[in-house]
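These notes are about the structure you will find just below.
As the structure lists them, so they are numbered: ligands from 1, and atoms in each ligand from 1. Any value given below was found using the heavy atoms of this structure, including those in side chains, with hydrogens, waters and symmetry copies removed.
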Amino acid sequence: MSTLDLSGRVALVTGGAQGIGLAIVQLLLEAGAKVALVDISPNLRETGQRLGRSFKPENVLCLTCDVTDSTSLRKSFEKVLSHYGSLDIVVNNAGIADEVNWDKMLHINLHAVIAGTYLALELMDPEKGGVIINVSSMSALYPVVYAPAYSASKKAVVTFTRCIKSAAEGANVRVNCICPYYVKTQMSQRGLDAMPEQFKNEILQNGLMDPEDAAKGIMELITDTSKNGTVLRASAKRGLSYHIFNDNTF
Ligand SMILES: NC(=O)C1=CN([C@@H]2O[C@H](COP(=O)(O)OP(=O)(O)OC[C@H]3O[C@@H](n4cnc5c(N)ncnc54)[C@H](O)[C@@H]3O)[C@@H](O)[C@H]2O)C=CC1
Ligand SMILES: CC/C=C\C[C@H](O)C(=O)/C=C/C=C/C=C\C=C\[C@@H](O)C/C=C\CCC(=O)O
């Protein structure tokens, strides 16, 4: 049971129907937040019903949305605001790993994260403030030869997050990102099944995180009000640590 108290806070999580997104949804609900799951998954409704049985059903809102559809994404954000009366926490988590359909992947992994960040900055109450967490990947920090477009999308999320920090401060909003190493979800399982053995062995040696541990990193970024513009690394091997950039060299 969570010792954190987010009662009265309203969170929106994209990709909340499974994996890391569902893990952060559960931690947010345990902390008493009202949570909107924004996802394209056909399992979204069933997931929402199951959550409604474990938590207050009035604290769970499921919105079917393709985050690459800007109109649908805006309507989902606005629906959360009209339904719950505020928007305090946004986790731009939805993402795919697909080097064949890389154009679609960039729309999900990058375009929708930027759109979700700007929607959050527009709709969050500057008096109350808010926090946005963008989900990147360790592949942003260590380019991955078998996932070049994916790595690029995740590197761009880090750069965008670090750049938007100042504008967010003006709106009394914090923006941070997390860079998990491999996490035990359907995405990484598909990735491991498809990749050459030598890469798979290194990953298995480093270990895969449980989604709940990645979600705990996201919760840290949500609840630690000193964090803005930070990049949190997360892995089974080394836990949580903040990535330090040397921006001064020119
Ligand atoms: N699993 C891993 O090893 C790692 C994952 N990540 C990132 O974490 C995030 C979550 O990944 P996982 O939970 O592993 O993935 P997952 O594949 O288990 O879940 C992704 C969720 O996003 C939803 N989604 C996909 N495309 C969507 C769209 N167009 N519109 C709305 N929802 C959509 C899916 O329906 C699903 O519910 C992704 O951004 C991923 O890149 C980062 C590092 C490691
Ligand atoms: C195939 C796509 C599926 C999932 C991708 C996911 O986003 C992901 O976790 C990708 C990680 C890629 C890592 C790439 C390089 C790793 C470099 C190594 O030097 C080890 C780095 C970190 C290990 C753990 C740690 O030290 O914290």
Q. Within a strict 4.5 Å, meaning less than it, do heavy atoms of the K155 and S139 side chains meet?
A. no
**Q.** Atom NZ of K104 with >12 non-hydrogen neighbours under 6.0 angstrom
**A.** no
Q | S41 neighbourhood, listing ligand 1 atoms whose heavy-atom distance to it stays under 4.0 Å | A | 35 (O)
Q. Numbering the atoms of ligand 1 from 1, which are under 4.0 Å from a heavy atom of G19?
A. 13 (O), 18 (O)
Q. Which bit of D66 gets closer than 4.0 Å to ligand 1, counting heavy atoms only: side chain, backbone, both or neither?
A. both
Q: Would you confirm whether N176, through its side chain, and I133, through its main-chain N or O, come within 3.5 Å as a donor-acceptor pair?
A: no
Q) Taking atom NZ of K227 as the centre, does the number of heavy atoms from other residues, nucleotides or ligands within less than 6.0 Å exceed 12? A) yes
(Q) Quick one: does any side-chain atom of S235 pair with a main-chain N or O of Y181 as donor and acceptor, under 3.5 Å? (A) no
Q.
Heavy atoms only: which of M105, M187, K184, K154 lies closest to atom 15 (O) of ligand 1?
A. M187
Q) For ligand 1, which atoms have a heavy atom of Y182 less than 4.0 angstrom away? A) 3 (O)
Q: Inspect the contact between K184 and E212 and indicate whether a charged nitrogen and a carboxylate oxygen are less than 4.0 angstrom apart.
A: no
(Q) Please work out, at 4.0 Å between heavy atoms, whether the side chain, the backbone, both, or neither of S139 comes within that distance of ligand 1. (A) neither
Q: Measure the distances from the heavy atoms of R190 to every atom of ligand 1 and state whether one is below 4.0 angstrom.
A: yes
Q.
I need the contact type for S136 against ligand 1. Using non-hydrogen atoms and a strict under-4.0 Å cut-off, is it side chain, backbone, both or neither?
A. backbone
Q.
Quick check against the 3.5 Å criterion: does E169 have a side-chain atom that pairs as donor or acceptor with the backbone of R174?
A. no
Q) Backbone or side chain, does any N or O of N109 fall under 3.5 Å from an N or O of ligand 1? A) no
(Q) I need the contact type for Y150 against ligand 1. Using non-hydrogen atoms and a strict under-4.0 Å cut-off, is it side chain, backbone, both or neither? (A) side chain
Q: Measure M138 to ligand 1 on non-hydrogen atoms and call it side chain, backbone, both or neither using the 4.0 Å cut-off.
A: neither
Q | Element-labelled atoms of ligand 1 that are located less than 4.0 Å from some non-hydrogen atom of C65 | A | 30 (N), 31 (C)
**Q.** ligand 1 contact by T14, heavy-atom criterion under 4.0 angstrom
**A.** no
Q.
Looking at R233 and G239, would you say the former's side chain and the latter's main chain have a donor-acceptor pair under 3.5 Å?
A. no
Q. Do Y118 and F77 have their ring centres less than 6.0 Å from each other?
A. no
Q: Show your reasoning for whether side-chain hydrogen bond (donor to acceptor under 3.5 Å, both in side chains) applies to T161 and N134.
A: CA-CA 7 Å; T161 300; N134 294 327; 3.1 Å; yes
**Q.** Contact check, side chains of L22 and L51, non-hydrogen atoms, under 4.5 Å
**A.** yes
(Q) Any donor-acceptor pair under 3.5 Å linking the side-chain atoms of D39 with those of S41? (A) no
(Q) With a cutoff of 4.0 Å, is A214 in contact with ligand 1, counting heavy atoms of the residue only? (A) no
**Q.** Per atom 16 (P) of ligand 1, closest listed option by heavy atom (Q186, H107, Q18)
**A.** Q18
(Q) Distance under 4.0 Å to a non-hydrogen atom of V135: what atoms of ligand 1 satisfy this? (A) 7 (C), 8 (O), 9 (C)
**Q.** The one among I20, V13, T47, V183 that brings a heavy atom closest to atom 5 (C) of ligand 1
**A.** I20
Q) Any heavy atom of M209 sitting closer than 4.0 Å to ligand 1? A) no
Q. Has ligand 1 got any nitrogen or oxygen that is less than 3.5 angstrom from a nitrogen or oxygen of I108?
A. no
